[in-house]
Each structure stands twice: as structure tokens, then as C-alpha cells.
Amino acid sequence: MSGINEFIDNEVKANDVVVFMKGTPGFPQCGFSGQVVQILDYLGVDYKGINVLTSDNLRQGIKEFSNWPTIPQLYVKGEFVGGCDIIREMFQAGELQSFFAEKGVSARGAA
């Protein structure tokens, strides 16, 4: 396992909810990252944002780690959930709230 994979692996295991994104939760640097942050903030979920723009290694590494071509990427309890479209669809369908509940992650606005 390369250093970057180890870093990613540690982050997704050490934090219940992790978003690999462009920019930071306080200052997203792409619209898709911003949407995921808005949804998580709306749900009141505690999460860690990791800025992939700080390192080309990380930006490439996360795509290989998840086998998913785009950023942002959401991980919950070590499991890859999806990118912006998936998160938005789950949220609009009310599935994201119940998904967090199933995983034992506290969120408000659960249906």
C-alpha cells in the first residue's frame, strides 16, 4: 500500500464521516464540493473535510482508492458512499438521513 493510500485508509477509518473535496468545508472551491458540504451542514452531521487540492498525489490517489473518477467523495464509517449526484439524490429522496441513522451517525432532520 502506498503512502497516499495509507493516509486515505487511515482518514476514512479514523473519522465516521469524511469528505474528500476541492477546498475546505468553510471555503469549497468547486460547486459540487459546495453542494455536499451544504447537505451535510443542513443535516448537522459532524464530518471531516479533506482538501485534495493540497496534493496532486492525494487528488489522484483518492480516485484510485475508491475507483471513482470525480471529487467530492463521501465516506461513512469507512465505506465509500458516492459523489455529489449520488449524495444529492439520496438527500432529496430522504435516504441519506436514514443511511446516517443506520450507520449510527447522528443527523438532524431524519424523516
Side-chain angles (χ1 to χ4, degrees):
M1 201 185 262
S2 75
I4 200 70
N5 271 359
E6 226 164 278
F7 169 79
I8 294 168
D9 195 52
N10 285 337
E11 290 293 338
V12 300
K13 287 178 176 156
N15 302 282
D16 282 353
V17 184
V18 184
V19 184
F20 289 86
M21 59 181 290
K22 292 181 180 173
T24 61
F27 190 73
Q29 286 177 277
C30 88
F32 301 114
S33 293
Q35 284 179 14
V36 171
V37 163
Q38 273 181 321
I39 289 169
L40 294 176
D41 287 348
Y42 176 81
L43 293 177
V45 171
D46 277 334
Y47 64 95
K48 178 171 184 178
I50 296 176
N51 185 357
V52 300
L53 298 179
T54 57
S55 145
D56 282 343
N57 256 352
L58 178 57
R59 189 164 54 196
Q60 196 47 46
I62 190 65
K63 294 174 183 182
E64 289 164 9
F65 185 84
S66 59
N67 204 14
W68 188 262
T70 57
I71 290 161
Q73 296 185 9
L74 177 68
Y75 286 81
V76 177
K77 301 268 180 162
E79 181 187 323
F80 175 59
V81 182
C84 181
D85 291 349
I86 291 169
I87 301 309
R88 196 175 53 224
E89 283 161 24
M90 287 175 74
F91 173 67
Q92 286 166 345
E95 291 163 11
L96 192 58
Q97 295 85 326
S98 40
F99 175 77
F100 280 128
E102 277 162 33
K103 293 286 182 183
V105 173
S106 70
R108 64 167 175 263

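All of these numbers come straight from a predicted model, not from anything done at the bench.
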Using the side chain to side chain contact (heavy atoms under 4.5 Å, CB included) rule, take Y47 and V36 through it: C-alpha gap first, then chi angles, then the decisive distance, then the call.
CA-CA 11 Å; Y47 64 95; V36 171; over 6 Å; no
For side chain to side chain contact (heavy atoms under 4.5 Å, CB included), just list the numbers for L58 and N51, CA-CA rounded to whole Å, side-chain angles, deciding distance to a tenth of an Å, and then say yes or no.
CA-CA 9 Å; L58 178 57; N51 185 357; over 6 Å; no
Assess whether side chain to side chain contact (heavy atoms under 4.5 Å, CB included) is satisfied between L74 and L40, documenting all intermediate values.
CA-CA 10 Å; L74 177 68; L40 294 176; 4.1 Å; yes
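Here the shortest heavy-atom pairing between A107 and V45 reads CB-CG2, 3.6 Å. Across every non-hydrogen atom of I4 and G61, the tightest pair is CG2-CA, 4.3 Å. Across R88 and I39, no two heavy atoms sit closer than the pair CA-CD1, 3.9 Å. Minimum interatomic distance between G49 and M21 (heavy atoms only, all atoms of both residues): CA-SD, 4.3 Å. The minimum heavy-atom distance linking W68 with Q73 is given by the pair O-NE2, 3.2 Å.
Of the residues N10, N15, D9, the one that meets the side chain to side chain donor-acceptor pair (under 3.5 Å) test with K13 is D9.
Aromatic rings from F20 and F65 are positioned such that their centres are separated by 6.0 Å or more.
Listed for the S33 side chain is a donor-acceptor partner under 3.5 Å among the backbone atoms of K22.
The 12-atom threshold is exceeded at CG of D41, counting heavy atoms of other residues, nucleotides or ligands nearer than 6.0 Å. Atom CG of N67 has 12 or fewer neighbouring heavy atoms from other residues, nucleotides or ligands inside a 6.0 Å radius.
Expressed to the nearest 0.5 Å, how far CD1 of I50 lies from CD1 of I71 amounts to 11.5 Å. Taking CD of Q29 as the reference point, atom CG of L53 lies at 5.5 Å (rounded to 0.5 Å). To the nearest 0.5 Å, atom CD of residue E89 and atom SG of residue C84 are 9.5 Å apart.
Contact of the I87 side chain with the Q35 side chain is not registered, since no non-hydrogen atoms from C-beta on lie closer than 4.5 Å. Side chains of Y75 and I62 form a contact here, defined as non-hydrogen atoms less than 4.5 Å apart. Using a 4.5 Å heavy-atom cutoff, the side chains of F100 and V81 are not in contact.
In the hydrophobic clustering of ILVMFWY residues, with side-chain heavy atoms under 4.5 Å counting as a link, V18 and F32 come out apart.
Aromatic ring pairs are classed by plane angle as parallel below 30°, tilted from 30° to 60° and perpendicular above 60°; the pair F91 and Y42 is perpendicular.
Listed by first then second residue, pairs satisfying salt bridge (Lys or Arg N to Asp or Glu O under 4.0 Å) with a partner in residues 63-77 read D16-K77, not counting sequence neighbours.
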